[in-house]
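Below is one structure, written out as structure tokens, with a few remarks after it.
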Amino acid sequence: MTFRERLQAWRYNLVPDHIIGEILEKRWTDNAIPFVALIATVAAFGSQIPGFFSLYSLQESTRQLGEFSLVVIGLTVVMLGGGIDLAVGAIFALSAFAAIATFFIFALPVWVAFLAAITTGIIIGAINGYLIGYIRLRAFLTTLVILIIGRAIFEILIVNYGSIAQMSQVSSDIWDYIGDDIILGFSVPVLTTIIVAFITHIALTRSRPGWHVLAVGGSRRSAHNAGINVRRTVFFTYVFSGFTTGLAGFLFATRLSGTGIGTGHGLEILALTAAVVGGNSLGGGRGSVIKGLMGAVIVLVMTNGLIRLGYGTGTNQMVLGVLLAVAVTIDIRWLKNRHKVLNEMYVAPVYLKMDDAPSAEAGSGTAFELNNRLSKARSIGLGEIEGPEDVILDRNDHLYCGTRHGEVVRFFAPDYTESEVFAHVGGFPLGLAFDRDENLISCVGAMGLYSITPDRKVTRLSAETRRSFTSIVDDAVLRDPNDLDIAPDGLIYFTDSTKRYDAHDWTLDSIENRGTGRLLVYDPKDGSTKTLLDGYRYTNGVCMAHDNKSLYFCETWACSIHRYWLEGPKAGKAECVLRNMPGYPDNINRASDGGYWMAWLGMRTPSFDLSLRHPAMRKRMTRRLPQDEWLFPNVNTGGVVKFDDDMNIITTLGDLTGLSHPSVTSMREHKGQLFIGGILNNRIGLYDIENADKNWTAPVAYWGEKS
Amino acid sequence: MNASSFNQERIVLIATILIAVSASVFLSGFLNVPNLISIVRSISVLGILALGMAIVIIGRGIDLSMVAIMAMSVAWYLQMINDGYNDYLALMLVITGVIAIGALNGFLVAYADVPPIFVTLATGLFVFGYVRSQLIPSDAVAVPHGHWLELMGQFRLFNIPVDVFIFIALSFAAFIFLRFTKWGRYVYFAGDNPAAARNIGIPVRPMQVLRYVLAALISFIAGLLTAASLLSIQTRVINSNLLYDVILVTVIGGIGLSGGKGGVRNVLIGSALIGILLNVMTIADISLLSQNLIKSTILLAAIILDGVLNPRDEQTAQQGDI
């Protein structure tokens, strides 16, 4: 191994590149940018402004933050529903005035003032909601006009009645308490915000109305077609925004005990900037209360900080303008390009040096030497089925296979010319096995382990295992369940080939070549699923040994067979019993003579083996080349191999013409005949085995004669 | 008279005539030449801004930065003159700046796919904030004595101020542009159906940039006229309702906000209605605050009418089209 190659091996096998892609796949990464901005803003202004972090200063400045956050929470909910609410500037001022007028001019109790403020907010919100939700006007312009109207009314009111309120002698302990006091170290506005934010968050993420809001924002049309009352949902988002803003207006009124012509002026721009800077998407569907709160802190600290640092008129607007433009642009571009970035980052190939394999070429004289015998196989269901990954026969000699269309098809004995859809599963059935009660158990690609009873009832047995502690993307889900076999005690041993890719992306997994394949066991008694082994390069076929004391499973991209011991001194341990085969192994099944049939889905090529030693090249390849020009394992030639418990290769079968069985993924021996399936094939092959036991069938070998 | 002939444009025209007729009957001092000239003059700056806004809106956009550009470009220009810069140099600098900000608007809208409302809201804020905090020391900047703007502001032809002629000339130019030039027709195509326009080979995105640049330049002209007649420019105008008046004029004249509809005629009708209305309200001694309320209520009515006449469909409405 050259030094350069060793460096490559270290670089690509020790640096966990794949984590970046997995982290990017998480929704919470959307929060990272606003969070960093939040820390940076607070740190920058906190270090510049003396006394910024003192308790008193924080308590006082957070009063304003509490009010502002309430407004932002309301706006966030509206934005999540796909709208926008600029009227908050007017709602805030009018609610504050309503509270002031009720309390100081009409001398009514505080709770009436509170109700007045809230009602004012809800009424204006309802007007917005009616116009936008039911008449379906444009949110931006409509709320803008409501803002102007509201401000005009507010200014008329303030000019005419502002001074009366100011000269009032009314006072109340509760009023002052709300405005000035501290509970448990927090001011009332902050406590209110925490409560409202918590409730809103729970409602958005865990309740039907909240989901409706997100659905409408995410795709208005789909929500409509799904039967959600879009108009009412939109209506209530504005009512909610009116409510929280009214609440903020009330808190403002108690804090300052007065309103002026500038109350709430420009609040809509501040709140909008906050919501967008926090990472809530324009157009709806993506965002959260937390994002809104982060944006509120950023914007308020920044604008107040600039004022306290003594920058002149206009600086605030300049900074806000830049902030808004940058945040909106990043939001739009990120949403648009996120999946591209993810695609670029996700594939993280590792280094692997495969040892030279014995040749499988015809005439090479090795044990693996392929011949042309499979080309003579007869065809069953030619052109009628697509993708029989696995084939299996029952006690009555009927033949079953899965198809790409999500069905299990049954061919009738004895001539297998007639077929029917045995059951519709919905996903692509891969590995098949019969249990003691003649239920057909199947590994369904990307769905999990399923059972089909003889009377065709489909039930899901398992779709997940225990999540591993170090996983970033939830690896409890079975992404690619592939093959299974059943022990005499009923335990179902099955493989999940990869945690990183969905079943149809197996080429990407082969290019990445990272070991994430698992061997799992499902216990039908308690319905539990356990992970037995992890970290193999594409675990595939599983077969119980004839003595049922161990099982064989193959590791496709490593071209190896492993033996997992169920009993004896090595119980619970796996050992590699055959490595460096010239082909990529797939399913393994029992043979009548005490050996095992193994399918080769393809043959190794020197070019792909070489590319495995150049991870950087493979990464470049997936980024820059179209998919059909990628170098990945050859699946144009496969074959069938029979081995015994001592790992002697007994027979090989191949189709060198490549016409009928180029790639083989499964085979079953039944009464002296071999049934051959291929995931890319359009037929099942039928091959007469020389010198085979004409009476041997797998159901009898596994479960004995039927009683 | 069938339903289609009863569209918004005609309603507004009839309303305008009705208001004008009843005002001339009931309000003394409405129907005389000086008042009519003052109506046209009062509406000319608004009308010019509305022309720019119309071009953008017909192309399915909106420009909320026009008033900021109008005030701040002229303020910067006058500040440079007051600081002793060469007049031509200052003018060139400002025009470059105006084109740059218009191009920035257009670029972000056309190439970055950001909704125009947010782009222009942000650039409007930025233009005000930047010029106010970095380039000019106070809220208002006066026109220097003897400057050509002062002369222009005093210029009268047949006793009619020059603003009126410039409004008429710009309206005519905009009319020619929209009706008879290739790029002007593109505005309608792109506004009606941007995807189809792009498919038939129209350079939709460069044309979008062009429209925002035009709107910015028109704003600058409107700013020069404001400065000429008031002999100073007050940057606090961006806090006023001028921008909403511009949208009011455009929308109420019958230019649909979903684009592709309307023309200069609609701007003129909208201007006439608003001009007469403001004049009538002033003569009737309605306070400025109440005038704001009335105007904004009319704008709301216009938007509701627009929404009813050009309803949005649940199945075809664009996601994020707010």
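The shown structure was predicted, so the numbers you read here are calculated from the model rather than taken from an experiment. Here is how names work: the chains are called A, B, and so on, in the same order as the sequence lines, proteins then strands, and each is numbered from 1.
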| Which atoms of B:L64 come close to chain A, meaning under 4.5 Å heavy atom to heavy atom: side chain ones, backbone ones, both, or neither? | side chain
| query | What residue in A:I269, A:V326, A:I146, A:I135 has the most heavy-atom pairs under 4.5 Å with chain B? | reply | A:I269
| Rounded to the nearest 0.5 Å, what separation is found between the CG atom of B:N292 and the CD1 atom of A:I148? | 8.5 Å
| request: Could you list the residues that satisfy side chain to side chain contact (heavy atoms under 4.5 Å, CB included) with A:S281, not counting sequence neighbours? | output: A:R286, A:D331, A:L335
| field | Region of B:V114 in contact with chain A, defined by heavy-atom distances below 4.5 Å | value | both
| task | Take A:V328 and B:V119 through the side-chain contact (heavy atoms from CB on, under 4.5 Å) test and state the conclusion after the steps. | result | CA-CA 8 Å; A:V328 171; B:V119 172; 6.0 Å; no
| For the candidates A:M318, A:R333, A:E155, A:R151, which exhibits the highest count of non-hydrogen atom pairs separated by less than 4.5 Å from chain B? | A:M318
| task | May I ask you to name which of A:I156, A:T273, A:N316 has the most heavy-atom pairs under 4.5 Å with chain B? | result | A:I156
| request: Step through the shown structure and confirm whether more than 12 heavy atoms of other residues, nucleotides or ligands are within 6.0 Å of CZ on B:F126. | output: yes
| said: Taking side chain as everything from C-beta outward and backbone as N, CA, C, O, which of these in A:L323 sits under 4.5 Å from a heavy atom of chain B? Side chain, backbone, both or neither. | reply: neither
| message | Within the supplied structure, the quantity of interest is the number of heavy atoms (other residues, nucleotides, ligands) at a distance under 6.0 Å from A:F45 CZ; does it exceed 12? | response | yes
| request: Write down the atom of A:I332, the atom of B:A112, and the distance for their closest heavy-atom approach. | output: CG2-O, 3.5 Å
| said: Quick test of your reading: applying salt bridge (charged side-chain N to carboxylate O under 4.0 Å, His left out), list the pairs with at least one residue in residues 107-129 of chain B, sequence neighbours left out, ordered by first then second residue. | reply: A:K336-B:D113
| task | Measure B:S290 against the heavy atoms of chain A and call it side chain, backbone, both or neither at under 4.5 Å. | result | both
| task | Indicate yes or no: at least one non-hydrogen side-chain atom of A:I84 is less than 4.5 angstrom from one of B:I117. | result | no
| Given that the side chain runs from C-beta out, which part of B:Q134 has a heavy atom under 4.5 Å from chain A: side chain, backbone, both or neither? | side chain
| remark: If one checks every heavy atom of A:V319 against chain B at 4.5 Å, the contacting part turns out to be neither
| query | Taking atom CG of B:L300 and atom CG of A:L144, what is their separation to the nearest 0.5 Å? | reply | 11.0 Å
| task | Could you look at A:L131 and say if it's the side chain, the backbone, both or neither that has a heavy atom under 4.5 Å from chain B? | result | side chain
| task | Would you give the length of the straight line joining atom CG of B:L125 to atom CG of A:L324, rounded to the nearest 0.5 angstrom? | result | 7.0 Å
| Nearest 0.5 Å, what's the CG-CD1 distance between B:L289 and A:I153? | 11.5 Å
| request: Answer with side chain, backbone, both or neither: which region of B:L293 has an atom nearer than 4.5 Å to a non-hydrogen atom of chain A? | output: both
| task | Pick one of side chain, backbone, both or neither for B:T123, based on which atoms fall under 4.5 Å of a heavy atom in chain A. | result | neither
| said: To the closest 0.5 Å, what do you measure between CG (A:L320) and CZ (B:F128)? | reply: 11.5 Å
| Could you walk me through whether B:F118 and A:L272 pass the side-chain contact (heavy atoms from CB on, under 4.5 Å) check? | CA-CA 10 Å; B:F118 291 97; A:L272 177 64; 3.7 Å; yes
| query | By a 4.5 Å heavy-atom criterion (distance strictly below it), what part of B:L248 contacts chain A: side chain, backbone, both, or neither? | reply | neither
| Interface moiety of B:I294 toward chain A, non-hydrogen atoms closer than 4.5 Å | neither
